[in-house]
Q: 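Take this structure, written in structure tokens, and hold onto it; I'll ask about it next.
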Amino acid sequence: MPMDPQEVLSLCKRRGFLWPSFDIYGGMAGMYDFGPLGVTLKNNIENHWRRLYVLQEGFVELMCPLVSPEPVFKASGHLDTFSDMYVECTKCGETYRADHLAKGLHENPATLGEGELGQLLRENGVKCASCRGELTDPKRFNLMFKTMVGAGKAKPGYLRPETAQGMFVNFEQVYRLGREKLPVGAVQVGTSFRNEISPRQGLIRLREFHQMEAELFVDPDDKTWPRFDSVKGERLLLFANTGETKELTLEQAVRDKVIVNEVLAYFMWLTHRFALDVGLDPSKMRFRQHERTEMAHYASDCWDLEAELGYGWVELVGVADRGCYDLSAHIKHSDADLTAFQRFDEPKEVEHEAVKVKFDVMGKMFKGDTKTVAEALSSMPVESLKGAKEVTVHAGGRSFQVPSECFEVSMRKEKVTGRKFVPHVIEPAYGVDRILYAVLEHAYSKSAKDGEDYVTLKLKGLVAPFKAGVFPLMARDGLDDIASAIQASLSEAGMHTYYDDAGSIGRRYARMDEVGTPCCITVDYQSKDDGTVTIRDRDSSEQRRVKKENVILAVTRLVSGAGLKALEGL
RNA sequence: GCGGCUGUAGUCUAGUGGUUAGGACUGAAGCUUCCCAAGCUUCAAGCCCGGGUUCGAAUCCCGGCAGCCGCACCA
């Protein structure tokens with residue numbers, strides 16, 4: 001039975017995980033405040049992710065500004081493709097994507113400006129599809145928040161719609177700091193912004209949200225990953241865009257070309273691993289391959305990790321092979337050298353056919369155009385020049401007839417010490433808020449106790465905000481002193497705990513169950529006699545006695561999911 | 001952004017154009033040597049915001065904001 005998200009969100013507010021922002025001023029759609037438990041849960045999720053990507057896989061972490069100058073998004077394509085033009089019906093108010101209406105009227109309507117597009121629609125007499133009413137002029141709506149940086153001659157700036165660009169524009173630094181070797185990867189964990197038209201569904205579509213993105217720069221001719229072998233027998237459930245659904249080992253998936261390459265497969269596996277670690281239910285998870293039409297045009301393959309939630313199947317993570325698109329775009333717009341260089345073991349003598357321009361002949365013929373023509377000629381494929389009496393060269397918007405006296409094609413020897421290339425990018429992009437919500441929903445468990453609903457959040461110890469509750473059975477007779485000392489020792493050991501001496505013991509257990517605390521320590525009268533305390537496991541609600549000096553060890557074991565039997569001898 | 005539905009303490013909810021908006025849970029203080037939301041006493045907390053109609057509006061109307069559903073959107 002699907003969970004009602006309202007119920008989960010209600011618990012989130014009640015217990016201090018998160019709630020809609022700016023409530024006292026009427027609220028603002030698409031914005032959420034994180035409360036004490038939500039912040040801790042988010043930190044725990046993010047830190048585990050760092051453990052995998054930074055510690056285990058060796059990515060380096062960056063932190064870049066949220067506000068970026070316009071050229072960044074001109075290069076990335078966000079300025080053009082992230083903004084859509086709309087027209088509205090003046091009669092019934094229906095809105096349409098202007099470029100969709102212009103389909104068939106122009107070969108590429110997406111390239112037109114507001115004015116041109118408006119004119120095109122008017123000339124062709126396009127009317128509202130539902131009521132035949134007149135349409136307004138196209139209006140641009142960009143999903144990026146715009147601002148101005150500085151006063152006076154202020155420059156436009158945009159709140160970043162993804163963290164990825166920070167890694168791309170810093171490729172030179174990342175490559176250099178990685179000692180100029182590939183593969184090299186960078187990650188960024190932080191806030192991004194999209195001015196969504198209609199935010200919906202709680203944490204699923206926010207205007208201000210959190211991402212954990214990794215950009216792995218690889219040699220296009222070597223899309224392998226050193227740790228692949230250790231996981232190649234692991235299985236993933238794959239919904240391919242061919243319509244087939246298969247459970248395959250990573251090795252099979254790569255061999256059968258279901259997944260385009262090894263490194264992509266590896267990071268899909270790592271994503272799966274991460275999802276299990278933070279407590280997502282494997283029976284409500286799948287990888288879905290993007291349809292060819294849905295994939296960005298430059299991507300060679302893209303898979304989403306989806307989770308089944310009360311909202312349906314929701315994308316949590318996208319793992320894409322983005323080819324050389326991002327770095328090439330920044331090379332083109334910035335003129336920076338965002339390439340990698342692979343030195344050969346031995347320099348190679350390479351012989352190849354090359355065009356040699358005879359400037360003496362050409363200069364007399366083309367005068368001031370010589371340079372332009374020569375450059376264009378040199379960049380033409382050698383095959384098209386060989387044996388030709390005359391070739392047509394297009395340069396500077398003009399055509400030139402160049403006779404063969406002006407050049408010759410000959411073998412040329414070159415010493416090549418290595419190859420220079422634009423790395424390809426493998427991008428695993430995680431949506432923190434969606435993952436956090438999915439973790440909560442998958443952990444949400446309701447049972448009947450004395451005819452009433454009893455809610456337990458079965459969070460993994462790894463992500464649980466509190467690792468243990470610490471209670472004196474009675475807040476007197478010295479039980480409270482013992483309990484306080486135990487809490488202090490757990491804090492010192494780095495564990496976030498919750499001390500509670502109020503109300504009945506069952507109520508205190510219930511409070512902890514509802515926020516997913518894996519275990520509770522209770523100091524009772526026996527503790528005074530023999531120095532033991534009880535430790536209760538959340539999911540079974542059973543308890544064991546352990547010596548109070550072993551409490552840290554006991555909590556550590558329960559948090560790691562070892563179960564009560566791991567407490568033998570403590 | 002469009003259309004439909006909705007908005008009462010932290011949560012769930014009752015409510016009639018008319019006195020002090022009712023209940024449950026939660027929360028707080030206390031009592032009860034008290035291990036699974038027990039019991040008792042006391043307390044705190046609410047009509048989304050702004051206009052209008054009316055002698056009088058939580059209730060009717062309009063606008064805004066927010067939520068849900070559908071459409072559109074989701075590089």
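Residue numbers begin at 1 in each chain, while the letters A, B, ... track the order of the sequences.
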Q: For the pair made of OH in A:Y509 and P in B:U26, what is the distance, rounded to whole Å?
A: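 Atom-to-atom, A:Y509 to B:U26, this comes out as 18 Å.
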
Q: My understanding is that a pair needs two contacts under 3.5 Å, Watson-Crick or G-U wobble. By that rule, which nucleotide pairs with B:C71?
A: B:G1

Q: Check whether NZ of the Lys or CZ of the Arg A:R286 lies under 6.0 Å from the centre of the six-membered ring of A:W313 and within 45 degrees of that ring's axis.
A: yes

Q: Searching all strands shown, indicate the nucleotide that pairs with B:C55 (Watson-Crick or G-U wobble; both distances under 3.5 Å).
A: B:G18

Q: Could you list all the side-chain hydrogen bond (donor to acceptor under 3.5 Å, both in side chains) pairs where at least one residue sits in residues 161-171 of chain A, not counting sequence neighbours?
A: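 Pairs touching residues 161-171 of chain A that pass the test: A:E162-A:Q165, A:T163-A:E213, A:Q165-A:H330.
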
Q: In whole Å, measure the gap between the P atoms of B:G10 and B:G63 for me.
A: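 It comes out at 28 Å once rounded to the nearest Å.
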
Q: Please report the distance separating the C1' of B:C49 from the corresponding atom of B:A24, rounded so that it comes out in whole Å.
A: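 Result for the C1' pair: 28 Å, nearest Å.
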
Q: Under 4.5 Å between any side-chain heavy atoms of A:N142 and A:N195, yes or no?
A: no

Q: Starting from P on B:C74, measure out to CG on A:D304 and report it in whole angstrom.
A: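 My rounded result for the distance is 15 Å.
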
Q: Could you walk me through whether A:M495 and A:T556 pass side-chain contact (heavy atoms from CB on, under 4.5 Å), step by step?
A: CA-CA 9 Å; A:M495 278 185 274; A:T556 305; 3.8 Å; yes

Q: Sticking with atom C1', work out how far B:A57 lies from B:G51, rounded to a whole angstrom.
A: 13 Å

Q: At under 4.0 Å between heavy atoms, what does A:Q6 touch on the DNA or RNA strands: base, sugar-phosphate, or nothing?
A: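 Sugar-phosphate, no base atom in range.
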
Q: Remember a base hit wins even if backbone is also touched, and classify A:S76 as base, sugar-phosphate or nothing at under 4.0 Å, heavy atoms.
A: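 If one applies the 4.0 Å heavy-atom cut-off, A:S76 turns out to touch nothing in the nucleic acid.
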
Q: Partner of B:A9 by Watson-Crick or G-U wobble geometry, both contacts under 3.5 Å, or none?
A: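 For B:A9, the partner nucleotide comes out as none, under the 3.5 Å rule.
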
Q: Is there a donor on the side chain of A:Q201 or the base of B:C68 sitting less than 3.5 Å from an acceptor on the other?
A: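 Counting by modelled atom types and ignoring angles, no donor-acceptor contact under 3.5 Å is found here.
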
Q: Of the nucleotides B:C74, B:A37, B:G1, which has the atom closest to the A:R507 side chain?
A: B:A37

Q: Could you tell me how far B:G18 sits from B:C12 if I compare only their C1' atoms? Round to whole Å.
A: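 My reading of the C1' atoms in B:C12 and B:G18 gives 28 Å.
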
Q: Whole angstroms only, please: what is the CG-P distance between A:D501 and B:U33?
A: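 Atom CG in A:D501 sits about 17 Å away from atom P in B:U33.
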
Q: For A:K13 and A:D477, take the nucleotide of RNA chain B holding the closest heavy atom to each; which residue's nucleotide lies nearer the 5' end?
A: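 Looking at the nearest nucleotide for each, A:K13 comes out on the 5' side.
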
Q: Select base, sugar-phosphate, or nothing to describe what A:D524 touches, counting heavy atoms under 4.0 Å on all strands.
A: base

Q: Once you round it to whole Å, what is the distance between C1' of B:U33 and CD of A:Q526?
A: 14 Å

Q: Given B:C35, B:G67, B:A28, identify the nucleotide with an atom nearest to the side chain of A:R511.
A: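 Nearest nucleotide to the side chain: B:A28.
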
Q: Do A:Y430 and A:Y53 make the cut of ring centroids closer than 6.0 angstrom?
A: yes

Q: Does A:S504 make a side-chain N or O approach to OP1 or OP2 of B:A38 shorter than 4.0 Å?
A: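 Answer yes for this pair, as a side-chain N or O of A:S504 is under 4.0 Å from OP1 or OP2.
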
Q: For A:I505 and B:G39, give me the distance from atom CD1 to atom P, rounded to whole Å.
A: 17 Å

Q: Would you indicate what A:S10 reaches in the nucleic acid, counting non-hydrogen atoms under 4.0 angstrom: base, sugar-phosphate, or nothing?
A: sugar-phosphate

Q: So which one's nearest nucleotide on RNA chain B is more toward 5', A:R200 or A:Y25?
A: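 Nearest-nucleotide comparison on RNA chain B picks A:Y25.
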
Q: Any strand is fair game: report the nucleotide pairing with B:C47 by Watson-Crick or G-U wobble, both distances under 3.5 Å, or none.
A: none

Q: Counting only heavy atoms not in A:K528, do more than 12 sit closer than 6.0 Å to its NZ atom?
A: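 Buried by this count: over 12 neighbours within 6.0 Å.
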
Q: Provide the distance between the two C1' atoms, one in B:G56 and one in B:G23, to the nearest whole Å.
A: 27 Å

Q: Can you confirm whether more than 12 heavy atoms, excluding those of A:Y325, are under 6.0 Å from its OH atom?
A: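 More than 12 heavy atoms, drawn from other residues, nucleotides or ligands, come within 6.0 Å of this atom.
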
Q: Taking the six-membered ring for Trp, are A:F34 and A:H210 parallel (under 30°), tilted (30 to 60°) or perpendicular (over 60°)?
A: perpendicular

Q: Does B:U33 have a Watson-Crick or wobble mate here (both distances under 3.5 Å), and if so which one?
A: none

Q: Taking atom types as they are modelled, would you say the side chain of A:R205 forms a donor-acceptor pair with the base of B:C73 within the 3.5 Å cutoff?
A: yes

Q: Just the rounded figure in Å: distance from C1' of B:G27 to CZ of A:R508.
A: 16 Å

Q: Distance between the C1' atoms of B:U20 and B:A28, in whole angstroms?
A: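 Approximately 24 Å lies between the C1' atom of B:U20 and that of B:A28.
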
Q: Please report the distance, rounded to the nearest Å, between CD1 in A:I197 and C1' in B:G70.
A: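 My rounded result for the distance is 16 Å.
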
Q: Hey, does A:G202 reach any base, or is it just sugar-phosphate, or nothing, if we go heavy atoms under 4.0 Å?
A: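 Here A:G202 touches the backbone only, sparing every base.
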
Q: List for me each residue that meets side-chain hydrogen bond (donor to acceptor under 3.5 Å, both in side chains) alongside A:T497, sequence neighbours excluded, and say none if there are none.
A: A:Q487

Q: Within the structure provided, determine whether A:V551 and A:I535 are in side-chain contact (heavy-atom separation under 4.5 Å).
A: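 The answer is no, as the side chains (C-beta and beyond) never meet within the 4.5 Å cut-off.
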
Q: I'd like the P distance from B:G27 over to B:U19, given in whole Å.
A: 33 Å

Q: With respect to the phosphate group of B:C25, does any side-chain polar atom (N or O) of A:R14 fall under 4.0 Å of OP1 or OP2?
A: no

Q: Assign a letter to each nucleotide of nucleotides 40-45 of chain B from its 5' end: B, base within under 4.0 Å of a protein heavy atom; S, sugar-phosphate only; -, no contact.
A: ------

Q: In whole angstrom, give me the gap between the P atoms of B:U59 and B:U8.
A: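 To the nearest whole Å, 13 Å.
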
Q: Rounded to the nearest angstrom, tell me the gap between atom CZ in A:R476 and atom C1' in B:G30.
A: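 So the two atoms are 12 Å apart, to the nearest Å.
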
